[in-house]
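Quick note on labels: first sequence line is chain A, next is B, and so on, each numbered from 1.
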Amino acid sequence: MPELPEVETVRRQLERTIVGRRIGSVDVRFSGRLNVGAGEFVKRLVGRRILSSGRRAKLLLFGLSGGDTLVVHLKMTGKLLLVDSDQEPNRHTHVVFRLSGYNVLFFDDIRKFGYLHLFRTDDLERLVIGPAGYGPEPLGPGFRADSFAADLKRFGRSAIKPLLLSQKCVVGVGNIYSDETLWRSGIRPDRSAGTLEADEVRSLHDSIRKILRRSVRIGGTSVDSYRDAFGRRGGYERKLEVYGREGHPCSRCGELIRKVRLGGRGTHYCPKCQK
DNA sequence: CTTGCGACCTGTTGGC
DNA sequence: TGCCAACAGGTCGCAA
């Protein structure tokens with residue numbers, strides 16, 4: 001569920017609330033999404049201090065004293081929730097972290113796609129980031145219109161929307177923001193990436209940066225179950241132009257927004273002003 | 001190497 | 001009202 005703006009919102013909230021804290025205890029209630037046994041997981045975390053919070057693509061990276069990094073992927077329904085120490089876990093709370101200073105961090109995940117992985121910080125690049133084959137960060141200096149154009153050409157036989165979702169040409173864009181960025185740039189989601197004109201590539205590059213930056217600023221999008229680290233909804237759901245708006249008039253041309261299935265994903269677009 | 005599709009889970013919704 | 005298929009914000013592994 002969470003795409004870059006939602007993951008980045010959670011990261012920023014935890015940056016100012018849990019970084020610097022010590023992990024007092026860890027309660028694993030469901031161990032099926034850990035990469036080590038529950039016993040080892042607890043042993044490597046208890047007593048450690050949280051030194052940093054980072055993000056690469058949709059991965060959250062918490063650097064710990066002792067040389068480990070906790071890698072978190074929220075996938076569709078995962079949540080990291082900072083709650084009061086008297087809050088009861090629910091049936092979807094898989095891990096409870098008690099921190100110094102009376103706060104508790106819950107890892108909840110209804111669908112159990114999300115995971116908590118522990119790696120030696122020295123191994124992150126070699127074992128986690130590198131093998132993923134990630135493209136550049138959309139809000140970083142490595143995302144440039146000319147290299148984006150070259151990357152789109154390289155995978156040019158794929159339709160543009162599934163290619164955006166693949167994280168190969170740029171990371172952090174998921175099902176909501178792919179539909180929103182393609183609408184803003186007037187590009188049909190099923191266009192072969194290789195057929196995009198130079199000005200369309202520049203426009204898409206610009207839309208990705210502007211929409212993601214704006215969404216981060218207002219706390220991401222809550223279409224359904226997404227909540228930030230304080231359990232609050234995002235503000236971008238009010239800005240959506242096509243996602244979840246099938247049957248409503250396009251704000252640019254008045255044509256009714258259509259929903260189709262593309263690459264197995266629900267896809268929303270304006271049949272008139274997206275070419 | 002690229003592309004496409006089913007699998008992984010649980011919960012909700014809409015149609016009959 | 002009840003049942004059941006389809007769908008949900010993401011990858012991942014495997015086949016062609």
S.K.: Tell me, what's DNA chain C's dot-bracket, Watson-Crick or G-U with both distances under 3.5 Å, | for other-strand, [ ] crossing?
M.R.: .|||||||.|||||||
S.K.: Establish, with yes or no, whether the OP1 or OP2 oxygen of C:dG10 is under 4.0 angstrom from a side-chain nitrogen or oxygen of A:H73.
M.R.: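 Looking at the OP1 and OP2 atoms of C:dG10, neither is under 4.0 Å from any side-chain N or O of A:H73.
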S.K.: Do A:K79 and A:F107 meet the cation-pi criteria used here (NZ or CZ under 6.0 Å from the six-membered ring centre, within 45° of the axis)?
M.R.: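 Pair A:K79/A:F107 does not count as cation-pi.
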S.K.: For the P atoms, the ones on C:dT1 and on B:dG11, what distance do you get once it is rounded to whole angstrom?
M.R.: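 Between the two P atoms, the distance is 23 Å.
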S.K.: What class does the angle between the rings of A:F148 and A:H205 fall in, given that below 30° is parallel, 30 to 60° is tilted and above 60° is perpendicular?
M.R.: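 Ring orientation of A:F148 relative to A:H205: tilted.
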S.K.: Expressed as a whole number of Å, how far does the P atom of B:dG14 sit from that of C:dG9?
M.R.: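 Taking atom P in both B:dG14 and C:dG9, they lie 15 Å apart.
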S.K.: Measuring only the C1' atom in each nucleotide, how far is C:dG13 from B:dT10? A whole number of Å is fine.
M.R.: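 It works out to 22 Å between them.
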S.K.: Output yes when a side-chain donor or acceptor of A:Q167 lies under 3.5 Å from a complementary backbone atom of A:V173, and no otherwise.
M.R.: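 Confirmed, A:Q167 side chain pairs with A:V173 backbone.
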S.K.: Tell me whether the guanidinium CZ or amine NZ of A:R252 lies under 6.0 angstrom from the six-membered ring centre of A:W183 and within 45° of its axis.
M.R.: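 Checked: cation-pi criterion met.
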S.K.: Closer to the 5' end of DNA chain B via nearest nucleotide, is it A:G263 or A:F155?
M.R.: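 So the residue in question is A:F155.
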S.K.: Is A:G266 touching bases, backbone alone, or none of the nucleic acid, heavy atoms closer than 4.0 Å?
M.R.: sugar-phosphate
S.K.: Would you measure the distance from the P atom in C:dC7 across to the matching atom in B:dC5 and give it in whole Å?
M.R.: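 Going atom to atom, P in each nucleotide, I get 14 Å.
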S.K.: Without decimals, in angstroms, what is the distance between A:K112 NZ and C:dC12 P?
M.R.: 19 Å
S.K.: For DNA chain B, whose closest nucleotide is more 5', that of A:H92 or that of A:S158?
M.R.: A:S158
S.K.: When you look at A:R126 and A:D123, which way does the salt bridge (Lys or Arg N to Asp or Glu O under 4.0 Å) test go after all the steps?
M.R.: CA-CA 5 Å; A:R126 185 172 57 88; A:D123 290 338; 3.1 Å; yes
S.K.: Can a side chain N or O of A:Q167 be found less than 4.0 Å away from OP1 or OP2 on C:dG10?
M.R.: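 No, outside the criterion.
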S.K.: Which residue lies toward the 5' end of DNA chain C, A:A132 or A:R111, if each is placed at its nearest nucleotide?
M.R.: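 Counting from the 5' end, the first nearest nucleotide belongs to A:R111.
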S.K.: Looking at A:K75, I'd like to know whether one of its side-chain N or O atoms comes within less than 4.0 Å of OP1 or OP2 on C:dG9.
M.R.: no
S.K.: If you look at every strand shown and take non-hydrogen atoms under 4.0 Å, does A:K168 touch a base, only sugar-phosphate, or nothing?
M.R.: base
S.K.: C:dG9 P sits how many Å from A:L164 CG, rounded?
M.R.: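 Taking atom P of C:dG9 as the reference, CG of A:L164 is at 15 Å.
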S.K.: Using whole Å, report how far CG of A:D179 lies from P of C:dG10.
M.R.: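 For the pair A:D179 CG and C:dG10 P, the rounded distance is 11 Å.
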S.K.: When the distance from CZ of A:F113 to C1' of C:dA8 is rounded to whole Å, what number comes out?
M.R.: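 Rounded to whole Å, this separation is 9 Å.
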S.K.: What are the bounds, 5' to 3', of the part of DNA chain B that sits under 4.0 Å from heavy atoms of chain A?
M.R.: B:dT2 to B:dG11
S.K.: Tell me: CE of A:M76 to C1' of C:dG10, nearest whole Å?
M.R.: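 Spelled out: CE on A:M76 to C1' on C:dG10 is 6 Å.
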S.K.: Do A:I50 and A:V28 belong together in a cluster built from hydrophobic side chains that touch within less than 4.5 Å?
M.R.: yes
S.K.: Rounded to the Å, how far apart are A:I110 CD1 and C:dG10 P?
M.R.: 16 Å
S.K.: Roughly, in whole Å, what's the span from CZ in A:R56 to P in C:dG10?
M.R.: 17 Å
S.K.: For A:Y226 and C:dG9, is the gap between ring centres under 5.5 Å while the planes differ by less than 30°?
M.R.: no
S.K.: List the steps, then state whether salt bridge (Lys or Arg N to Asp or Glu O under 4.0 Å) holds for A:D206 with A:R202.
M.R.: CA-CA 6 Å; A:D206 186 58; A:R202 278 194 299 275; over 6 Å; no
S.K.: How many whole angstroms separate atom OH of A:Y236 from atom P of C:dG9?
M.R.: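 Distance check: A:Y236 OH to C:dG9 P gives 16 Å.
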S.K.: For the side chain of A:E137 and the backbone of A:G142, is there at least one donor-acceptor N/O pair under 3.5 Å apart?
M.R.: no
S.K.: Do A:T221 and A:Y243 have side-chain N/O donor and acceptor atoms under 3.5 Å apart?
M.R.: no
S.K.: Have a look at A:G174 and say if it touches a base, only the backbone sugar-phosphate, or nothing, with a 4.0 Å heavy-atom cut-off.
M.R.: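 Sugar-phosphate: the residue A:G174, judged by heavy atoms under 4.0 Å, touches backbone atoms but no base.
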S.K.: OP1 or OP2 of C:dA8 versus the side-chain N and O atoms of A:R261: is any pair under 4.0 Å?
M.R.: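 It does, given that an N or O in the side chain of A:R261 lies less than 4.0 Å from OP1 or OP2 of C:dA8.
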S.K.: Out of C:dT11, C:dC12, C:dG9, which nucleotide sits closest to the side chain of A:Y115?
M.R.: C:dC12
S.K.: Going by ring pair (Phe, Tyr, Trp, His ring centres under 6.0 Å), name the pairs with one or both residues in residues 41-70 of chain A, residues two or more places apart or in two chains.
M.R.: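 Counting only pairs at least two positions apart or across chains, no ring pair (Phe, Tyr, Trp, His ring centres under 6.0 Å) contact touches residues 41-70 of chain A.
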S.K.: Please determine whether a side-chain nitrogen or oxygen atom of A:R265 lies at a distance below 4.0 Å from atom OP1 or OP2 of C:dG9.
M.R.: yes
S.K.: Spell out, yes or no, whether A:L139 and A:I208 are grouped together once hydrophobic residues are joined by side-chain heavy atoms under 4.5 Å, including indirect joins.
M.R.: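 A:L139 clusters together with A:I208.
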